[in-house]
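Written below as C-alpha cells is the structure these notes are about.
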Amino acid sequence: MRAYERLMNYVKVHTTSQDGTGRTPTTERQLDLARMLAEEMRAMGIADARVDGFGYVYGSLPATPSCEKSPAIGWIAHMDTAQAFSGENVKPILHENYDGGDVALPQCGRVLKTSEFPFLKELKGKTLITADGSTLLGADDKAGIAEILTACEQLLQSGAPHGPVKIAFTPDEEVGEGADHFDVPGFGAAYAYTMDGGEVGEISYENFNAASAAFRITGVSVHPGSAKDTMVNALKLACEIDGMLPPREVPEHTEGREGFFHMDALSGDTAAARLEYIVRDHDREKFEARKELLRGVEKAMTEKYPTARVELALKDSYYNMLEQIRPCMHLIDNAKKACEAAGVQWFEEATRGGTDGARLSYMGLPCPNLGTGGHNFHGPYECITAESMDKAVEIILNIIALYAA
C-alpha cells in the first residue's frame, strides 16, 4: 500500500476525542481504530502489536543482524481528531491530477479557494485529498499513522538494515492528554519523532510553554433598585480583568515566537463569573512573567473590591521541548539529512502550539516533530496530497537508515 491508501481507510473511522470525560481514552470510539491498527500491524509482521488498557497502540521491529547496537528510534502519531469540527462519517475524495484551481467540495457549499489558500497552486498535477465539505479530513494525524506503517511495511519487505524501530499510536492528543499514560520505559526507545506536523519537510523542535488560567469571581448581587454602593457585578469585574492584560498580546495580533493571553471562555452572571485563559510563550522567562502578571491582577482586584472575591487558578500544561532537544541535536541534523536525501527542502518551524512530543521530551523521550504533508487542519478545508505522504515515508526510512549506519 501507498500511505494515502491507508489514510483513506483510517479517516472513515470516527475517532474524535472529548474534553472532560475523565476516561482514557476520552471516547470509546478511538478504540475502534486502535484495534484496527493493531490487527493490521500483526498482519504485516509486527508480531508484538498490542492495544494496552488505556487505548495506546504499541509495536516494534527488531533490529536486523549487525544493527542490534544501533539506538532504538521511536515513531509516534495520534489517532484522535479534534473537536473543532465533525469527524464523523468522513468521506475522503481523491482529486487526481489536480489542476491547481479552486475545488468545490460537494457538501455544504464550501469551496477550497486558491485566493484563501495560495499554497494550493503549488500542488498542481498532484493527487489532492479532501473531505466532502461536511467534516474535517482527519489527516491530523491519521496521515502520520499511515506514513509510519507504510515505512514499516517497506522495511519488512525490503529487508533493509535497521536498528530497533518502536511504534506508538496515542489517543487524546487533541485534548492535551496524549502523553498522560504513555509507557516511556516500556516503549524502549532512546529517541523518537512524532509525525504530526504540517508541510512535508517541516522540522519542529520548539513549541510554546503553556499554562491554563482561570479567574473565579464572586460578586455581590443585590436587587438593582437598591444596589447603590453595594452591588459588585461579577461580569463587570471579568471585563475589567481582561482590560488589565496587554491588548495586543492576543492570538489575533501575534505570530512566530510572540506569546499571548487568549480568553478562551467567559461565563456567569452578576453574582458569579468564570474567566478562562490559555497562556503561551516560547521564551521561558517571558512565560513566567506572564503568569506573574496574572497573579498581580488577582492581587489588584482583591484589593480594589474587598467585598467581592477574585481567585486565580494557574496550571502549567507543557513546556518548550527545545530545552530537552538541545543535548541531542543529532535528531535535528539527521532529519535535515533525511529530507535532503529525499529531495525535500527542510525548514524549521517554531510550533505555535504543542504536541505529544513536547510532553514526552520532558518524560525522558526526546521527541521532535516532523511534517506529514497536510494543510488546514481541524476544519472542512483540510487537505493533503498522496505525493507529499510518499515523501514523508521516504524521510522516515532515511532517518532509520542514518541511525543504522
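This structure is a prediction, so every number in the text was calculated from the model and none was measured.
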Carefully, step by step, assess D356 and T170 under the rule side chain to side chain donor-acceptor pair (under 3.5 Å).
CA-CA 9 Å; D356 280 347; T170 65; 2.8 Å; yes

Is the closest side-chain heavy-atom distance between [X] and [Y] below 4.5 Å?
X    : Y    : answer
H330 : Y191 : yes
Q324 : P366 : no
I93  : V103 : no
D316 : F287 : yes
N376 : L137 : no
T194 : E173 : no
K91  : N89  : yes
L294 : L245 : yes

To the nearest 0.5 Å, how far apart are [atom1] in [X] and [atom2] in [Y]?
X    : Y    : atom1 : atom2 : value
M41  : I46  : CE    : CD1   : 4.5 Å
T372 : L7   : OG1   : CG    : 9.0 Å
T385 : K126 : OG1   : NZ    : 5.0 Å
I73  : H162 : CD1   : NE2   : 12.5 Å
L397 : L155 : CG    : CG    : 5.0 Å
I129 : M8   : CD1   : CE    : 6.0 Å

Mind listing the closest non-hydrogen atom pair of [X] and [Y] along with its distance?
X    : Y    : answer
A404 : G163 : CB-N, 3.9 Å
P171 : G55  : CD-O, 4.0 Å
G138 : T81  : CA-CG2, 4.0 Å
A342 : N398 : N-ND2, 3.7 Å
A189 : L365 : O-CD1, 3.5 Å
A358 : M321 : N-CE, 3.7 Å

Main-chain N/O of [Y] paired to [X] side chain as donor or acceptor, under 3.5 Å:
X    : Y    : value
K291 : A211 : no
S361 : C367 : yes
D172 : G178 : no
R274 : I217 : no
D264 : I278 : no
E387 : T127 : yes
N209 : N320 : yes
R110 : L105 : no
E382 : A139 : yes
E5   : R2   : yes

Residue that, paired with H181, satisfies ring pair (Phe, Tyr, Trp, His ring centres under 6.0 Å) out of Y58, F54, F187:
F54

Under 4.0 Å between a side-chain nitrogen and a carboxylate oxygen: does that hold for [X] and [Y]?
X    : Y    : answer
R42  : E39  : no
E153 : R6   : yes
K337 : E340 : no
D281 : R290 : yes
E303 : K299 : yes
R284 : E288 : yes
E394 : K391 : yes
E258 : R352 : no

Check the pair D183, D52 against side-chain contact (heavy atoms from CB on, under 4.5 Å), reporting the backbone distance first and the verdict last.
CA-CA 10 Å; D183 182 7; D52 76 0; 5.6 Å; no

Is it true that, when you exclude [X] itself, more than 12 heavy atoms of the residues, nucleotides or ligands shown sit nearer than 6.0 Å to its [atom1]?
X    : atom1 : value
E285 : CD    : no
R257 : CZ    : no
E255 : CD    : no

Run through F182, Y193, Y56 and flag the one making a side chain to side chain contact (heavy atoms under 4.5 Å, CB included) with I76.
F182

From the list D19, D180, T21, side chain to side chain contact (heavy atoms under 4.5 Å, CB included) partner of V175 resolves to D19

Tell me yes or no: between the side chains of Y4 and D390, is some donor less than 3.5 Å from an acceptor?
no

Is there a donor-acceptor contact under 3.5 Å linking the side chains of T114 and D102?
yes

Test side-chain contact (heavy atoms from CB on, under 4.5 Å) on C328 and Y205; report intermediate values, then the result.
CA-CA 11 Å; C328 41; Y205 55 99; over 6 Å; no

Could you go through the side-chain contact (heavy atoms from CB on, under 4.5 Å) check for T16 and E88 one step at a time?
CA-CA 8 Å; T16 307; E88 188 174 8; over 6 Å; no

Steps toward salt bridge (charged side-chain N to carboxylate O under 4.0 Å, His left out) verdict (E292, R295)
CA-CA 5 Å; E292 200 55 40; R295 294 186 185 102; 3.0 Å; yes

side-chain contact (heavy atoms from CB on, under 4.5 Å) for R359 and Y318? Distances and angles first, verdict last.
CA-CA 6 Å; R359 289 186 58 198; Y318 52 82; 3.8 Å; yes

Does the plane of the ring in Y381 sit parallel, tilted or perpendicular to the ring in F117? Use 30° and 60° as the thresholds.
tilted

